[in-house]
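Naming convention: chains lettered A, B, ... in sequence-line order (proteins, then strands); numbering from 1 in each chain. For the numbers below, each heavy atom of this structure counts, side chains included, while hydrogens, waters and symmetry mates do not.
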Protein chains: 2
Amino acid sequence: MRRTKEDAEKTRIAILDSAERLFLERGVAHTSLDQIARDAGVTRGAVYWHFQNKGHLFHELLDQVRLPPEQLAERLCGAEDEQPLRVLRDVCVEAIVGLAEDEKKQRIFTILLHRCEFTDEMGEAAERHDAFVRQFIALFEKQFTVVTSRLRPGVTPQLAARALHGLVIGLFTDWTRDPPQFGREEVQRIFDTLLYGLLDDWRP
Amino acid sequence: MRRTKEDAEKTRIAILDSAERLFLERGVAHTSLDQIARDAGVTRGAVYWHFQNKGHLFHELLDQVRLPPEQLAERLCGAEDEQPLRVLRDVCVEAIVGLAEDEKKQRIFTILLHRCEFTDEMGEAAERHDAFVRQFIALFEKQFTVVTSRLRPGVTPQLAARALHGLVIGLFTDWTRDPPQFGREEVQRIFDTLLYGLLDDWRP
DNA sequence: CTGTTTACAATCGCTGTTGTATGTAACAGC
DNA sequence: GCTGTTACATACAACAGCGATTGTAAACAG
């Protein structure tokens with residue numbers, strides 16, 4: 001019984017939602033396409049119609065929340081010259097706080113960080129994510145390079161970038177493991193704390 | 001052809017080693033016990049003789065590197081009153097540097113952080129790990145509580161603990177994703193940086 | 001109104017994986 | 001030298017999951 005285009009889009013969404021729920025509950029590898037289809041009220045035929053395979057399904061799931069790298073780069077380099085580090089801090093704070101406010105984001109990042117295996121048999125999803133992370137660090141480093149002279153003695157732009165990125169990833173990881181942690185103010189204070197350690201003229 | 005006890009122990013080790021290699025390459029869920037057995041030069045019978053199932057095998061693999069929580073607590077609370085935060089910092093630095101120096105530790109933590117799914121069907125391994133992490137944070141917080149008065153205004157022991165733990169986890173994650181990063185001095189400088197942001201009287 | 005395409009459902013064949021049960025040869029103790 | 005046990009190998013049964021193919025009714029384009 002063929003449906004209209006809107007109906008088709010609805011089942012597409014339903015499949016994605018079911019995948020999200022089941023991936024979160026049982027892990028990506030431990031969830032079969034049949035289970036997803038059943039949960040969405042369709043058969044595997046529908047899943048294979050909308051998605052090539054599990055890898056692509058997972059990939060499209062991630063793309064629902066992962067902001068495109070270009071957008072990130074633009075955001076970071078847009079306010080050129082002005083107050084690059086303040087923008088950098090705000091981006092980091094937004095990332096964490098955005099996680100707290102958006103439950104879907106929370107679930108999908110939980111899947112990404114705790115419920116899936118990064119192996120090349122999962123297709124381009126893994127590679128793209130790794131590339132994303134590397135670019136993230138590179139952008140950090142670039143921003144710190146601009147203000148090299150303000151860094152405390154012994155602190156290189158590279159070191160600062162690694163530290164800041166580590167903190168972001170770590171907070172993401174801890175947050176998704178055990179959600180109700182802290183609000184915007186506290187997140188901002190954490191990043192201010194690290195930045196104050198990196199630059200002696202940092203003022204929140 | 002029955003072997004002597006030492007032989008048996010050798011095949012046990014061989015199975016663990018093969019599991020380590022294959023888990024790292026393909027992920028835990030995507031590795032079958034038959035593949036592990038073949039790689040170790042035995043059959044699945046041997047695997048089932050030494051381990052109840054894949055979950056237990058994974059569990060014993062982790063126990064090869066994860067230091068027992070009691071040991072950690074002792075280490076942190078042992079030098080009571082003296083310089084609790086310095087011990088705390090050294091523990092964090094040791095954790096990261098230890099990773100760089102011990103390749104086995106590196107592989108196993110890579111599996112733990114990037115090649116496995118934390119779901120309850122994996123048995124007690126997941127629970128134990130989560131409990132470990134929580135205790136870790138609790139210990140951090142306890143240490144910071146001792147020196148509450150030295151914390152910068154607005155910084156609570158809880159906040160400090162979350163931040164420090166986040167940084168540790170984040171550096172672990174980044175390191176295992178892309179190993180050749182930095183040496184002991186730089187790691188120490190990173191933690192000193194954060195601690196200096198947390199306490200105004202911190203001196204490396 | 002009709003042909004084509006869409007959006008699935010149903011079925012099939014195959015392989016991979018798990019758990020268990022049974023066989024078996026050698027070692028260790030007596 | 002016999003025996004029970006150990007340390008596996010082999011065999012068996014059952015299922016799950018994938019990918020492909022085929023079927024089909026309804027939507028849509030002309």
Distance-only check: which donor-acceptor pairs under 3.5 Å involve side-chain atoms of residues 50-58 of chain B, not counting sequence neighbours?
| residue | atom | partner | partner atom | Å |
| --- | --- | --- | --- | --- |
| B/H50 | NE2 | B/T11 | OG1 | 3.3 |
| B/N53 | OD1 | B/G55 | N | 3.1 |
| B/N53 | OD1 | B/H56 | N | 3.1 |
| B/N53 | OD1 | B/H56 | ND1 | 3.0 |
| B/K54 | NZ | B/V28 | O | 2.9 |
| B/K54 | NZ | B/T31 | O | 2.8 |

Show me the donor-acceptor pairs, under 3.5 Å and distance only, between side chains in residues 125-132 of chain B and residues at least two apart or in other chains.
| residue | atom | partner | partner atom | Å |
| --- | --- | --- | --- | --- |
| B/R128 | NH2 | B/D63 | OD1 | 3.4 |

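In this structure, B/R38 atom CZ and D/dA9 atom C1' are separated by 12 Å, rounded to whole Å. The distance between atom CG of B/D7 and atom C1' of C/dC27, rounded to the nearest whole Å, is 11 Å. Between the C1' atom of C/dC8 and the NE2 atom of A/H50 lies a distance of 8 Å, rounded to the nearest Å. In this structure, the CH2 atom of A/W49 is 17 Å from the P atom of C/dA10, given to the nearest Å.
Nearest-nucleotide mapping onto DNA chain D: of A/E6 and B/V47, the residue sitting toward the 5' end is B/V47.
Only at 4.0 angstrom or more do the heavy atoms of residues 10-27 of chain A sit from any atom of DNA chain D, so none qualifies.
Side-chain contact of A/T156 with A/Q158: a donor-acceptor pair under 3.5 Å is absent, judged by distance alone.
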Distances under 3.5 Å between nitrogen or oxygen atoms of protein and nucleotides 1-4 of chain C:
none

Under 3.5 Å, N/O pairs linking protein and nucleotides 17-20 of chain C:
| residue | atom | partner | partner atom | Å |
| --- | --- | --- | --- | --- |
| C/dT18 | OP2 | B/L33 | N | 3.2 |
| C/dG19 | OP2 | B/Y48 | OH | 2.3 |
| C/dG19 | N7 | B/R44 | NH2 | 2.5 |
| C/dG19 | O6 | B/R44 | NH2 | 2.9 |

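With respect to the salt-bridge test (charged N to carboxylate O, under 4.0 angstrom), the residues A/E25 and A/R107 do not qualify.
With sequence neighbours left out, the salt bridge (charged side-chain N to carboxylate O under 4.0 Å, His left out) criterion links B/R134 to no other residue. B/D17 pairs by the salt bridge (charged side-chain N to carboxylate O under 4.0 Å, His left out) definition with B/K104, not counting sequence neighbours. For the salt bridge (charged side-chain N to carboxylate O under 4.0 Å, His left out) test, no residue two or more places apart in sequence or in another chain qualifies with A/R86. In this view, A/E9 and A/R12 satisfy the salt bridge (charged side-chain N to carboxylate O under 4.0 Å, His left out) rule, not counting sequence neighbours.
Between the axis at the start and the axis at the end of the helix from C/dC1-D/dG30 to C/dC30-D/dG1 there is an angle of 20°, using five pairs per end and rounding to 10 degrees.
Both tests hold for A/R152 against A/Y196: distance to the six-membered ring centre under 6.0 Å, angle to the ring axis within 45°.
Counting only residues at least two apart or on different chains, the salt bridge (charged side-chain N to carboxylate O under 4.0 Å, His left out) pairs with a member in residues 164-174 of chain A are A/D174-A/R177. Listed by first and then second residue, the side-chain hydrogen bond (donor to acceptor under 3.5 Å, both in side chains) pairs involving residues 108-119 of chain B are A/H30-B/E117, B/H114-B/T176 (not counting sequence neighbours).
A/Q35 contributes atom CD, which lies 9.0 Å from atom CZ of A/R38 (distance to the nearest 0.5 angstrom).
Using cut-offs of 30° and 60° on the angle between ring planes, the pair B/W175 and B/F182 is tilted.
With distances taken from any side-chain atom of B/T4 to the nucleotides C/dA28, D/dC8, C/dA7, the minimum falls on C/dA28.
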